[in-house]
K.L.:
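Got a structure here, written out as structure tokens. Questions coming.
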Amino acid sequence: MVTYGTVARETRFLIWLTIAVIAPFGVILYLYPSSAGDNWAWEIAQPRTAMLVGAIYFATSLYYVLLSRQREWLLLQSSLRSLFVVAAWLLVAAMFHWQNFFPYRLMTLIWLITYYLPLMAFPILNRLQAERGGNVEKPAGRQIMRGWRTWLILRAAIYGPTAVLLFVFAPQVSAAWPWPIEPVNLRMFSGQIAVFGAYQALAMQDGFWQRIRL
């Protein structure tokens with residue numbers, strides 16, 4: 001049986017730490033949207049906006065539970081690199097909209113730590129995996145079929161530019177949104193779209209099927 005590197009304990013710890021932090025985010029925002037204005041890190045005026053952001057955290061939590069069950073580093077690599085992308089994206093959004101944040105709330109501190117941690121941790125984890133023989137550069141095995149590759153390219157070509165356009169034109173998009181929504185929330189939402197685009201591109205890097213199995 002071919003294996004593609006055992007997941008390091010530190011990597012597994014980061015995954016479970018991510019779940020432990022973002023799952024409560026989903027509970028707070030999705031199940032109690034009317035309280036978002038009193039306890040969330042930045043301005044969310046509409047309960048529907050809180051539910052939109054909370055749904056993202058719920059879905060991400062479920063996905064990372066699936067990741068935590070994997071035993072091979074190669075299956076996690078693209079997803080964790082995507083986490084690095086979205087962490088950087090949301091921190092840039094926070095820089096653009098710091099005036100919308102509530103700097104003295106506990107939730108603000110927790111949120112900032114949550115998104116700074118992957119930026120610092122992933123390069124370290126990547127090095128640990130390489131040192132322990134877990135970072136497989138050119139895996140052999142089943143390749144992505146042409147139809148799947150076309151689908152991934154199409155998704156990357158749609159999601160990537162959509163995320164950039166939504167980030168750049170957030171004020172204009174907010175004026176046309178179905179309900180009143182702040183540009184800060186659209187730029188945060190665009191981070192989820194960006195990670196979809198990034199994952200497609202990262203998964204195709206060597207054409208190896210196992211990277212997109214999840």
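All of these numbers come straight from a predicted model, not from anything done at the bench.
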K.L.:
In chain order, what residues pass the side chain to side chain contact (heavy atoms under 4.5 Å, CB included) check against Ala93, with sequence neighbours excluded?
P.N.:
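Residues passing side chain to side chain contact (heavy atoms under 4.5 Å, CB included) with Ala93: Phe167, Arg187, Met188.
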K.L.:
How many angstroms lie between atom CG of Leu91 and atom OH of Tyr115, to the nearest 0.5 angstrom?
P.N.:
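Rounded to the nearest 0.5 Å, the CG-OH separation comes out at 9.0 Å.
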K.L.:
Evaluate the side-chain proximity of Thr114 to Phe25: yes if any heavy-atom separation is below 4.5 Å, no if none is.
P.N.:
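Heavy-atom side-chain distance check passes, below 4.5 Å.
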K.L.:
Work out which heavy atom in Val65 is nearest to a heavy atom in Ile19; give both atom names and the distance.
P.N.:
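In this case the closest contact between Val65 and Ile19 is N-CD1, 3.6 Å.
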K.L.:
Any link between Tyr63 and Tyr57 through a network of hydrophobic side chains (Ile, Leu, Val, Met, Phe, Trp, Tyr) touching at under 4.5 Å?
P.N.:
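Yes: a chain of side-chain contacts under 4.5 Å links Tyr63 to Tyr57.
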K.L.:
Within the structure provided, determine whether Gln99 and His97 are in side-chain contact (heavy-atom separation under 4.5 Å).
P.N.:
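They are in side-chain contact.
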K.L.:
Sequence neighbours left out, what passes side chain to side chain contact (heavy atoms under 4.5 Å, CB included) with Trp98? Give chain and number order.
P.N.:
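Applying side chain to side chain contact (heavy atoms under 4.5 Å, CB included) to Trp98 gives Phe101, Pro103, Thr108, Leu112.
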K.L.:
Shared ILVMFWY cluster between Leu106 and Trp111, side chains joined below 4.5 angstrom?
P.N.:
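The answer is yes; both residues are in one hydrophobic cluster.
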K.L.:
Suppose we screen for side-chain hydrogen bond (donor to acceptor under 3.5 Å, both in side chains). Which residues come up paired with Arg155, at least two apart in sequence or across chains?
P.N.:
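Scan of Arg155 (side-chain hydrogen bond (donor to acceptor under 3.5 Å, both in side chains), adjacent residues dropped) gives Gln200.
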K.L.:
If every non-hydrogen atom of Pro161 is compared with every non-hydrogen atom of Ala156, which pair is closest and at what distance?
P.N.:
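Nearest pair, atom of Pro161 first, then Ala156: CD-O, 3.7 Å.
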K.L.:
Roughly how far, to the nearest 0.5 Å, is CG of Leu67 from OG1 of Thr11?
P.N.:
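So the OG1 of Thr11 and the CG of Leu67 are separated by 11.5 Å.
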K.L.:
Hey, what else clusters with Leu109 if you join Ile, Leu, Val, Met, Phe, Trp, Tyr whenever side-chain heavy atoms sit under 4.5 Å?
P.N.:
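For the cluster that includes Leu109, the remaining residues are Ile113.
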K.L.:
State which residues pass side-chain hydrogen bond (donor to acceptor under 3.5 Å, both in side chains) with Trp89; sequence neighbours excluded, sorted by chain then number.
P.N.:
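Expected list: Ser190.
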K.L.:
Looking only at heavy atoms, which two atoms of Glu43 and Val184 are closest? And how far apart?
P.N.:
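Result for this residue pair: O-CG1, 4.1 Å.
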K.L.:
Determine the minimum heavy-atom distance between Pro183 and Ala170, stating which atoms define it.
P.N.:
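Shortest heavy-atom contact: O-CB, 3.9 Å.
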K.L.:
Under the rule for side-chain hydrogen bond (donor to acceptor under 3.5 Å, both in side chains), what residues qualify as partners of Trp179, not counting sequence neighbours?
P.N.:
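For Trp179, the residues satisfying side-chain hydrogen bond (donor to acceptor under 3.5 Å, both in side chains) (neighbours in sequence not counted) are Thr49.
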K.L.:
Give, for atom CG of Leu90 and atom CD of Gln192, the distance between the pair rounded to the nearest 0.5 Å.
P.N.:
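It comes to 8.5 Å.
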K.L.:
With sequence neighbours excluded, give me every side-chain hydrogen bond (donor to acceptor under 3.5 Å, both in side chains) pair touching residues 160-174.
P.N.:
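Passing the test, one end in residues 160-174: no pairs.
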K.L.:
Who passes side chain to side chain contact (heavy atoms under 4.5 Å, CB included) against Ser61, sequence neighbours left out?
P.N.:
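Here the qualifying residues are Ile22, Ala23.
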K.L.:
If two hydrophobic side chains count as joined below 4.5 Å and joins carry through other members, does Leu29 share a cluster with Phe102?
P.N.:
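Leu29 does not cluster with Phe102.
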K.L.:
Distance from Thr60 atom OG1 to Ile56 atom CD1, nearest 0.5 Å?
P.N.:
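It comes to 7.0 Å.
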K.L.:
Applying side-chain contact (heavy atoms from CB on, under 4.5 Å) to Arg48 and Ile181, what does each step give before you reach the verdict?
P.N.:
CA-CA 9 Å; Arg48 283 174 288 185; Ile181 189 170; over 6 Å; no
K.L.:
Is there side-chain contact between Val53 and Phe189, with at least one heavy-atom pair below 4.5 Å?
P.N.:
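Heavy-atom side-chain distance check fails, nothing below 4.5 Å.
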K.L.:
Please identify each residue that fulfils side chain to side chain contact (heavy atoms under 4.5 Å, CB included) with Leu14, with sequence neighbours left out.
P.N.:
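Scan of Leu14 (side chain to side chain contact (heavy atoms under 4.5 Å, CB included), adjacent residues dropped) gives Thr18, Leu117, Ala121, Leu125.
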K.L.:
Do the side chains of Leu62 and Leu17 join up, straight or via other hydrophobic residues, at under 4.5 Å, putting them in one cluster?
P.N.:
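No, Leu62 and Leu17 fall in different hydrophobic clusters.
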K.L.:
Quick one: does Val92's side chain get under 4.5 Å of Phe96's, heavy atoms only?
P.N.:
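With C-beta onward as the side chain, the pair touches.
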K.L.:
Looking only at heavy atoms, which two atoms of Met107 and Asn39 are closest? And how far apart?
P.N.:
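In this case the closest contact between Met107 and Asn39 is CB-O, 3.2 Å.
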K.L.:
Just jot down the side-chain hydrogen bond (donor to acceptor under 3.5 Å, both in side chains) partners of Glu182, sequence neighbours excluded, or say none.
P.N.:
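Scan of Glu182 (side-chain hydrogen bond (donor to acceptor under 3.5 Å, both in side chains), adjacent residues dropped) gives Asn185.
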K.L.:
Met51: which other cluster members, linking ILVMFWY side chains closer than 4.5 Å, directly or transitively?
P.N.:
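Val27, Tyr30, Leu31, Tyr32, Phe58, listed by chain and number.
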